[in-house]
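Accompanying notes for the structure given below.
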Amino acid sequence: MSKYWNQRTRALSPYIPGEQPRERKFIKLNTNENPYPPSPEVIAAIRNAANDDLCLYPDPECLELRTAIARRYALTPEQVFVGNGSDEILAFAFAAFFENGAVALPVLFPDITYSFYPVYARLWGTPFELVPLRDDFSLSIDDYDRPNGGVVIANPNAPTGCVLRLEDARLLVEQQTVYGRIALFDEAYMAFASEPGSLVGYINEYPNLLTVHTLSKAASLAGLRVGYAIAHAELIEGLRRVRDSFNSYTLDRLALAGATAAIRHSAYYDDCDRRIIATRKRVSTQLAALGFEFVPSSANFIFTRHPAIKGSALFEALRERGILTRRWDVSRIADYLRVSIGTDADMDAFLAVCADIACV
Ligand code: PMP
């Protein structure tokens with residue numbers, strides 16, 4: 001705490017990202033990174049962009065990348081926004097679409113979801129209400145059927161891995177139309193879902209639908225920091241207004257080049273993602289055989305607990321054996337670990353420790 005901090009800075013409770021260890025070599029199953037490297041086309045594009053043009057600012061319109069994304073979804077670039085990771089887009093969306101102050105209606109999101117949402121809400125002074133998920137971590141859209149300031153849903157959800165069925169997701173957007181508010185769907189993990197659930201195809205139908213996506217997970221590019229939003233052009237313009245009141249160049253030349261190559265060559269990582277889904281299936285079966293409990297995951301992680309082992313003990317035992325996972329010391333989920341799906345070899349190492357612990 002410094003006397004030079006203003007009121008806002010004093011009141012902040014920043015998000016704490018998963019550990020990125022520097023000294024010891026860990027098997028990293030803690031931040032939902034993709035264990036497979038980016039495609040050769042992406043690396044070549046970034047190398048190619050490392051040239052004398054770096055003395056020039058990048059394109060503030062990010063037009064080449066937005067055009068590539070628009071083409072992939074048969075949309076127009078006006079319906080696409082790009083940002084420095086989807087976290088940045090979420091921050092802009094909270095600023096652009098949710099009211100702040102004491103009289104504003106609360107924005108609704110589940111009690112167990114991406115822990116950055118309350119951080120953004122507090123940053124912008126937006127009132128919010130946590131809506132409890134059911135005991136099995138599934139979401140009831142009826143709980144959101146009331147006047148509100150907006151709804152934010154991670155689908156599939158994190159850290160639970162539960163997916164909301166497409167019909168329910170659409171109904172939720174329709175409910176929000178009645179209340180004249182935004183439905184923000186954060187689809188960071190949708191590429192790993194077992195059935196198609198993305199709302200991207202419905203943005204022409206619903207002018208209050210904002211879908212947010214990232215290249216960090218499915219496209220193996222967590223290190224490049226690129227995300228995108230797809231929505232009606234008026235919502236995209238709203239995001240732009242916020243961005244341009246903040247920083248005109250949120251994506252640098254290397255990120256633009258790498259991300260454009262990733263979007264154009266998606267077959268490579270579609271294949272990696274299929275491998276991750278297969279590994280998830282195998283690990284789920286083996287964890288179940290060891291007595292672990294979990295809800296079926298639609299993401300690149302499994303949210304699991306063992307009925308006879310405390311979450312903290314499991315977390316520490318894995319850490320001691322060189323395996324990092326993620327755990328939140330909060331009610332309802334303190335005994336759960338979120339375990340990202342790594343390579344088959346990573347997961348064999350994880351399962352070996354689990355087998356040891358579960359037999360004690
Ligand atoms: N949404 C969800 C649900 C996430 O879990 C994450 C990753 N922590 C993000 C968004 C942010 O991803 P990025 O900023 O890397 O695009």
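All figures in this text were calculated on a predicted structure; none of them were measured in a lab. All ligand and atom numbering here is 1-based and tracks the order in the structure.
Within the cation-pi definition used here (under 6.0 Å to the ring centroid, within 45° of the axis), Arg338 qualifies as a partner of Phe301.
The nearest heavy-atom contact from the protein to atom 5 (O) of ligand 1 is Tyr189 OH, 2.6 Å. Of the protein's heavy atoms, Tyr114 OH, 3.1 Å lies nearest to atom 8 (N) of ligand 1. In this structure, the protein non-hydrogen atom closest to atom 3 (C) of ligand 1 is Asp186 OD2, 3.4 Å.
Below 30°, between 30° and 60°, or above 60°: for Tyr57 and Tyr249 the angle between ring planes is below 30°, a parallel geometry. Relative ring orientation between Phe94 and Tyr117 is described as parallel, the plane-to-plane angle staying below 30° on a 0-90° scale split at 30° and 60°. Between Tyr73 and Tyr228, the two ring planes are tilted [angle within 30° to 60°].
Remark: aromatic rings of Tyr120 and Phe98 are distant, center separation not under 6.0 Å.
Residues that satisfy the side chain to side chain donor-acceptor pair (under 3.5 Å) test with Arg71, not counting sequence neighbours, are absent from this structure. Ser86 is linked by a side chain to side chain donor-acceptor pair (under 3.5 Å) to nothing, counting only residues two or more places apart in sequence or in another chain.
Between Asp87 and ligand 1, an N or O atom pair is found at a separation short of 3.5 Å. Between Tyr117 and ligand 1, no pair of N/O atoms sits closer than 3.5 Å. For ligand 1, one of its N or O atoms has an N or O atom of Ser86 under 3.5 Å away.
Heavy-atom separations between Phe116 and ligand 1 are all 4.0 Å or longer.
Near Arg225, the atoms of ligand 1 lying under 4.0 angstrom from a non-hydrogen atom of the residue are 13 (P), 14 (O), 15 (O). Close contacts between ligand 1 and Gly85 involve ligand atoms 14 (O), 16 (O) [criterion: under 4.0 Å to a heavy atom].
Under the 4.0 Å criterion applied to side-chain N and carboxylate O atoms, Arg264 and Glu41 are not assigned as salt-bridge partners.
Contacts between Lys217 and ligand 1, counted as non-hydrogen atom pairs separated by less than 4.0 Å, involve the side chain only. Of the heavy atoms in Ser216, only side-chain atoms (C-beta onward) come closer than 4.0 Å to ligand 1.
The heavy atom nearest to atom 16 (O) of ligand 1, considering only Val152, Leu90, Thr214, is found in Thr214.
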